[in-house]
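Note sheet for the following structure.
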There are 4 protein chains.
Amino acid sequence: MKKKKAAAARSPAARAPGRPRSDASRAAILKAAYQILRESGFAKFTVEGVAARAGAGKATIYRWWTSKGTLAVEAFMVAIAPRMDAVRESASPLADLRKQVHLAAAIYRGRAGQLVRELIALGQADSDTGKLLLSDFLEPRRKAALTALRRAYAGGELRREIDIEVLADVLWGPIFHRVLINRASINKVFIDKLLDVVLQGAATGAHVSRPSPG
Amino acid sequence: MKKKKAAAARSPAARAPGRPRSDASRAAILKAAYQILRESGFAKFTVEGVAARAGAGKATIYRWWTSKGTLAVEAFMVAIAPRMDAVRESASPLADLRKQVHLAAAIYRGRAGQLVRELIALGQADSDTGKLLLSDFLEPRRKAALTALRRAYAGGELRREIDIEVLADVLWGPIFHRVLINRASINKVFIDKLLDVVLQGAATGAHVSRPSPG
Amino acid sequence: MKKKKAAAARSPAARAPGRPRSDASRAAILKAAYQILRESGFAKFTVEGVAARAGAGKATIYRWWTSKGTLAVEAFMVAIAPRMDAVRESASPLADLRKQVHLAAAIYRGRAGQLVRELIALGQADSDTGKLLLSDFLEPRRKAALTALRRAYAGGELRREIDIEVLADVLWGPIFHRVLINRASINKVFIDKLLDVVLQGAATGAHVSRPSPG
Amino acid sequence: MKKKKAAAARSPAARAPGRPRSDASRAAILKAAYQILRESGFAKFTVEGVAARAGAGKATIYRWWTSKGTLAVEAFMVAIAPRMDAVRESASPLADLRKQVHLAAAIYRGRAGQLVRELIALGQADSDTGKLLLSDFLEPRRKAALTALRRAYAGGELRREIDIEVLADVLWGPIFHRVLINRASINKVFIDKLLDVVLQGAATGAHVSRPSPG
DNA sequence: ACTTAACCGAGACGGTACGTCTGGTCTTACA
DNA sequence: TGTAAGACCAGACGTACCGTCTCGGTTAAGT
């Protein structure tokens, strides 16, 4: 992530000189980092603590991550991201969108919600961390929503004058608002109401296509 | 603010024994705190720095504020809050709402935007700070919006099945989303589009009452 | 001790105006001070602690004592000094001297020994304290010894060329040396040996007049 | 000095892992500490000040010294102790003793006298400091005197019934008494009188072996 | 009885230093 | 060259006391 080195790859035998990076070490560090995050939250997340639990040196951590924030973000993503990409495309883009948002909200309701809270907070103070979290975690989710919205737009399900970019913010914004500011619940009922209001304002017909409420 | 002691209550003039709190000191501390926040942001905001600039002792700060976060929030509010209450009620609640949101966005576009970003971030780590910021700054703004929405609801301008609480989150959420996460601009065009989408989804007729776009 | 005011004295009825000093308060402060010294030593002796235990205000303490050291010294003396003046003059000045030294050593072996240690230490850092301790406590003991020595000298019991002042230091010095530096025991055997050596070096005949060793 | 860890012991070349202690840092700290002691005395001797002047971190100081007292003692000794070991053995142990005592008194008359005063005082409050000062500075001087006394005793120059240990206290005690308590001068005349009285009391013949008073 | 002045308890104040903690860098020996 | 270990600088943290100050209220003597 920090250094590139033209990516070996030329031939199967081509290798950089010196001892190669230890993947065992990298994995141990990320695992220890995530464990600490999960057990104690970011407040007790210290580089020394991670190094000690991983049996690694602090210098090794700083060689591969620019700051403790970027380490925390990467550790979080390795553990969490896979769970968020579970929605597959169907014939109805708006239905896909609903599923995506419900899934994310479900995840944010749990332990992961507290972690994103803290990571977003960290991103305000440390720009490396903020950029990494945005580009590698938050932006991809938004992109997925944008894709669905674009398909719906192309399929004529959204009003012509709608700004898709704005619509994406209108969808995700209230969720983070409740997570970060309100601390109000983001339960299923809320998500449904949110989707209803937003799609009501954006959709063409009255057919907001909410699935039967069971 | 910190201790109550059952309030003596004998007469309205009852006073605690001992030297009373110095208002000059309190004011100097808040002023110094705000100056540092404005000049250098929260990164360089230290209790030692505030004490030194205010000509106060650190102990005095810790006597009256539980953490540096609560001090920062209070200093911010003393300086900023007055500017946000400038919207007076008119005959049209939805027009009032538009004005409120535009005004807040205008303020958040400036220096204050960075400060709320940092204070909200701080509130994630320190619950005292988070509660204070919410109860004394963020919640009052949301309440103002709720009041306008309720008036509109009562006046039949909003659809019967709308949940007003959700609607408030849908209005403010996207703004904070851009401030905290996207870092996308919250310019007037965006705010107008936001209001259009949201009120389109919530209003009864097609009359979304956007003022003529000049 | 702190203020003089021309010493009343003009007539038996002359008095300063205003509320007179409260003796109850003075006594409570000295008592509390001594209790803390005895229970916890000088390490935990704080003016705030004394004021709290005495039910007095800190200002009251600083009105009558220049520093916490002088308070400690006075509290110590009020409690200890009376025990040290118990030796009455007899026909044999050197025997009196022996009794004085043995008595002082006995007292220094106990709790009081630790307190003088700490007070002498304090006197090194704070000159008010040092002067007070010297003039009101240590010097008077030395003076008593000097008086006995002078009587012995006048009675021809000491060699003509002896310097009495030096002799006093030679008597007391080793005791404080053990209390402050060595931490070696100042038991009766040591005191006797000390007296033997010193008086052997100073007395005229071989008659060092040690009482029968029972 | 602080941790031992059973000393590896495998071979004389065994070393602890990790970065070794920086001698440059240690030397800079001791130097800065002594400079501050010499310039301002112990009153203005603060760990923060030492760290700042040495260009060291406070943590580094606390890693290697248990308290500011032990740091002060070590800094003092590194600078002063060499000057006190300048007396070489001659044929006359009592003459050596006289020289030792005169040399020490000469040193204590200067700046070092104030420092030992303050360090001894400090040793009363902090037992680590007291023990270190005693074992590494005061006791060795006393040992040197004891050695000379033992030689004199073996040579028949001291009376059979004399307790050498007591005699050492009788020699050094009065000097510290004047330094710590009296604040009386420890000039050459005093030291000579002191030695005369003490050796008169301890020596066998009348030959107290004072060098001709020129 | 009324005024005046110094007293008193309480506790907030500015200030200084404490000893702890963590972030990020540097220096060893070994692999 | 990478790694574990751990010492290093830097600097903020929150605490503890110092000695001073500012309240409201008390207690005499002098009017």
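The chains referred to below are lettered A, B, ... by the order of the sequence lines, with proteins before strands, and numbering in each begins at 1. All values below come from the heavy atoms of this structure, side chains included, with hydrogens, waters and symmetry mates left out.
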Val50(D)/Ile61(D) under side-chain contact (heavy atoms from CB on, under 4.5 Å): CA gap, chis, key distance, verdict:
CA-CA 9 Å; Val50(D) 173; Ile61(D) 294 178; 4.0 Å; yes
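- Counting non-hydrogen atoms under 4.0 angstrom, Gly49(B) reaches nothing in the nucleic acid.
- Contacts of residues 33-47 of chain D with DNA chain E (heavy atom under 4.0 Å): Thr46(D), Val47(D).
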Begin from the C-alpha positions of Trp65(B) and Val47(B) and carry the test side-chain contact (heavy atoms from CB on, under 4.5 Å) through to its verdict.
CA-CA 11 Å; Trp65(B) 288 275; Val47(B) 173; over 6 Å; no
Quick one, Phe42(B) with Leu122(B), criterion side-chain contact (heavy atoms from CB on, under 4.5 Å). Give me CA distance, side-chain angles, the key distance, then yes/no.
CA-CA 9 Å; Phe42(B) 193 77; Leu122(B) 188 60; 3.1 Å; yes
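- The distance from atom CD1 of Ile61(A) to atom C1' of dG2(F) is 14 Å, rounded to the nearest whole Å.
- Within the nucleic acid shown, Ala59(C) comes within 4.0 Å of at least one base atom, counting heavy atoms only.
- Taking atom CZ of residue Arg53(C) and atom C1' of nucleotide dG9(E), one finds them 18 Å apart after rounding to whole Å.
- At whole-Å resolution of the value, CG in Asp128(D) and C1' in dG19(E) are 15 Å apart.
- Residues Trp64(A) and Leu71(A) fail the side-chain proximity criterion, which asks for heavy atoms closer than 4.5 Å.
- Rounding to the nearest 0.5 Å gives a distance of 5.5 Å between NZ of Lys31(A) and CD of Gln35(A).
- Geometric assessment of Lys68(D) against the ring of Tyr62(D) yields a negative cation-pi assignment under the 6.0 Å and 45° thresholds.
- The shortest heavy-atom contact between Ala121(A) and Gln124(B) is CB-CG, 3.6 Å.
- Remark on DNA chain E: of its neighbouring residues Ile29(C) and Ser67(D), the 5'-side contact belongs to Ile29(C), judged by nearest-heavy-atom nucleotide.
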Short N/O separations, protein against nucleotides 24-26 of chain F, under 3.5 angstrom:
from, atom 1, to, atom 2, distance (Å)
dG25(F), N2, Arg19(C), NH1, 3.3
dT26(F), O2, Arg19(C), NH1, 2.9

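- Distance, Arg21(C) CZ to dA5(E) C1': 18 Å, rounded to whole Å.
- Counting atom types as modelled, Lys58(C) pairs a side-chain N or O with a base atom of dG19(F) as donor and acceptor under 3.5 Å.
- Between Trp65(C) and dC18(F) there is no side-chain N or O to OP1 or OP2 distance below 4.0 Å.
- Close to dA12(E), at under 4.0 Å from its OP1 or OP2, lies no side-chain N or O of Trp64(B).
- At least one side-chain nitrogen or oxygen of Arg63(D) sits closer than 4.0 Å to the OP1 or OP2 atom of dC8(F).
- Between Tyr62(B) atom OH and dT15(F) atom P the separation is 7 Å, expressed in whole Å.
- The residues Glu74(D) and Arg26(D) are annotated as salt-bridged, a charged nitrogen and a carboxylate oxygen being separated by less than 4.0 angstrom.
- Side-chain atoms of Leu134(C) and Lys131(C), non-hydrogen and from C-beta on, never get closer than 4.5 Å to each other.
- Ser22(D) has no side-chain polar atom (N or O) that falls below the 4.0 Å cut-off from OP1 or OP2 of dA7(F).
- Between Glu48(C) atom CD and dA12(E) atom P the separation is 11 Å, expressed in whole Å.
- A salt bridge is absent between Arg53(D) and Glu48(D): the closest approach of a Lys/Arg side-chain nitrogen to an acidic carboxylate oxygen does not fall below 4.0 angstrom.
- Checking the phosphate oxygens (OP1, OP2) of dC18(E), a side-chain nitrogen or oxygen of Lys68(D) falls inside 4.0 Å.
- Side chain of Ser25(D), nearest nucleotide from dC13(F), dC9(F), dG19(F): dC9(F).
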